[in-house]
Structure formats: C-alpha cells, structure tokens
Amino acid sequence: MNIVFSFAYAPFVFLSLKYFEIQTVSLIIFTSSLLWFILSIKKDKNALLFPLFYMGVSSVCFFAENFMVLKSLPLLISMLVGIYLFYSYLTKNSVIISFAKRFKEISLKEERYIQNSTILWVFASLVNILIHGFVLLDDNMDYWVIYSTFGWYFVFITAFIIQMVHRKIFFKETV
C-alpha cells in the first residue's frame with residue numbers, strides 16, 4: 001500500500017488542486033489514509049506509521065490551508081526513512097538485515113557486511129532528502145511531481161546497483 005500511495009500522491013495532489021480547494025484535497029487524503037490505516041491494523045505495527053503520517057500532514061494542511069504542507073510530505077517521509085536507517089546503523093540493528101532475513105538465511109559474514117553497508121543506504125537517503133528539498137523549494141511543479149512520484153526510486157536503484165557490484169567484488173576477494 002505504501003507504494004500505491006507513493007506513486008499516486010504527487011500526481012493526485014497536483015491534479016486535484018486544479019479542481020478542488022486545498023481543504024477538500026486534504027480531506028480526501030485524510031479519508032483515504034484513514035481507510036489505509038484501518039486495513040493495516042492487523043498487520044505489523046510499523047505498517048501503521050505511514051498512514052498515520054499522511055493523516056497528520058493532511059490534518060495540518062486542512063487547518064493551515066497551505067499547499068506547502070502537502071508538498072512537503074514526500075520530503076518528510078524521506079527524512080523519516082533516513083532517520084530510521086541512520087538509527088538502525090548506529091544501534092547495529094540494521095533494518096536491511098531484518099528485511100533480508102525474510103527471504104534467505106544470512107551468514108554471520110554477510111550480516112556484518114550488510115550492517116557496514118547500511119551507511120551506503122544512509123548516504124542514499126541523505127541524497128534523496130537533499131533532492132526532495134530542492135524540488136520542494138523550486139517553483140517548477142513538474143520537478144516536484146516527477147521526483148516525488150518516481151524520481152526518488154532512481155536514487156535507491158543506483159545505491160542498490162552500487163551495493164551489488166561492491167558485494168560481488170567484496171565476497172569474490174575474500175573467498
């Protein structure tokens with residue numbers, strides 16, 4: 001559901017603000033986020049975080065009647081993800097390891113490698129935050145819609161490719 005909202009959010013906000021007032025758009029986002037929250041209740045507690053975040057931002061926007069609040073949501077989510085990645089790196093409890101363990105068994109050597117490479121993901125997240133900040137402050141709405149919808153995926157795809165190449169080299173040299 002996170003991906004659906006991620007892809008739909010910026011185009012929805014951009015197009016709907018052409019036809020509706022900001023409070024109406026905020027109410028629609030709040031209502032759909034509430035529905036998302038209700039559908040996520042029986043899932044992992046972390047799944048509730050994003051719909052709550054959307055509900056909070058849409059509520060602030062409803063009362064503030066300020067488009068920048070809605071426009072800042074992708075940046076705020078990126079910051080939240082970045083902080084979470086950095087925290088998982090500092091606490092030596094990488095979220096990436098937890099994710100990887102869902103799909104395969106991880107050796108201790110691989111686990112150490114993943115923990116150390118979490119800093120790459122922190123850096124990618126920082127780059128993403130900086131670009132989000134740029135498009136947020138830029139007057140060109142096309143930049144914001146494109147980057148907030150799918151442009152940010154390229155930052156993480158690039159980081160993934162870098163990590164896969166590095167991993168291949170790292171494990172080849174240590175064998």
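On a predicted model such as this, the values are computed, not experimentally measured, just so you know.
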(message) Between I131 and W152, does the side-chain contact (heavy atoms from CB on, under 4.5 Å) criterion hold? Intermediate values first, please.
(response) CA-CA 8 Å; I131 296 172; W152 65 274; over 6 Å; no
(request) Determine, stepwise, if the pair V13 / K71 fulfils side-chain contact (heavy atoms from CB on, under 4.5 Å). (result) CA-CA 8 Å; V13 168; K71 194 176 175 187; over 6 Å; no
(message) For a side-chain contact (heavy atoms from CB on, under 4.5 Å) check, start with the C-alpha distance between E110 and R167, then their side-chain angles and the critical distance, and finish with the verdict.
(response) CA-CA 9 Å; E110 285 178 308; R167 184 180 185 279; 2.6 Å; yes
(request) Quick one: do Q115 and I96 satisfy side-chain contact (heavy atoms from CB on, under 4.5 Å)? Show the steps, please. (result) CA-CA 8 Å; Q115 176 60 41; I96 299 167; over 6 Å; no
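The CE atom of M68 lies 9.0 Å from the CG atom of L75; values are rounded to the nearest 0.5 Å. One distance of note links CD of Q23 with OG of S58; it measures 12.0 Å at 0.5 Å rounding. With rounding to the nearest 0.5 Å, the separation of CG in N128 from CD1 in I77 is 11.0 Å. A distance of 12.0 Å separates CD1 in I169 from CE in M164, rounded to the nearest 0.5 Å. Y9 OH to T149 OG1: the interatomic distance, rounded to the nearest 0.5 Å, is 11.0 Å. Interatomic distance, I29 CD1 to W36 CH2, rounded to the nearest 0.5 Å: 11.5 Å.
Surrounding OH of Y153 are more than 12 heavy atoms belonging to other residues, nucleotides or ligands, all under 6.0 Å away. No more than 12 heavy atoms of other residues, nucleotides or ligands lie within 6.0 Å of CZ in F86, so this atom counts as exposed by the packing criterion. Remark: M79 CE is loosely packed, at most 12 non-hydrogen atoms of other residues, nucleotides or ligands lying under 6.0 Å away.
Outside the 6.0 Å centre-distance limit, the rings of F134 and Y147 are not counted as a close aromatic pair.
When side chains are defined from C-beta on, N140 does not count as touching W144, because their heavy atoms never get closer than 4.5 Å. Taking 4.5 Å as the limit, every side-chain heavy atom of N66 sits out of range of all side-chain heavy atoms of C61. Taking the side chain as every heavy atom from C-beta outward, I22 and F62 never approach each other to under 4.5 Å. Put simply, the side chain of V81 reaches to within 4.5 Å of the side chain of F50, judged on heavy atoms. Between S148 and H132, some side-chain heavy-atom pair lies under the 4.5 Å cut-off. Using a 4.5 Å heavy-atom cutoff, the side chains of I28 and S16 are not in contact. A heavy-atom distance below 4.5 Å is found between the side chains of S59 and F30.
Between T118 and S88, the closest heavy-atom pair is CG2-OG, 4.0 Å. In plain terms, the two heavy atoms of S125 and L85 that are nearest each other are CB-CD1, 4.1 Å. The two atoms that bring F67 and M141 nearest to each other are CZ-CE, 3.5 Å, heavy atoms only. Minimum heavy-atom separation, Q163 to Y113: O-OH, 3.5 Å.
When hydrophobic clusters are built by joining Ile, Leu, Val, Met, Phe, Trp and Tyr residues whose side-chain heavy atoms come closer than 4.5 Å, directly or via intermediates, F156 is grouped together with I97. Connection of F154 to L120 is established within a shared hydrophobic cluster, with ILVMFWY side chains joined at heavy-atom distances below 4.5 Å, either directly or through further cluster members. In this structure, L34 is not a member of the same hydrophobic cluster as V69, with clusters built from ILVMFWY side-chain heavy atoms closer than 4.5 Å. Linking Ile, Leu, Val, Met, Phe, Trp and Tyr residues whenever their side-chain heavy atoms come within less than 4.5 Å places F20 and F12 in a single cluster. Both F160 and I114 are members of a single hydrophobic cluster when ILVMFWY side chains are connected at heavy-atom separations under 4.5 Å.
For the pair K101 and F99, the cation-pi criterion (under 6.0 Å, within 45° of the ring axis) is not fulfilled.
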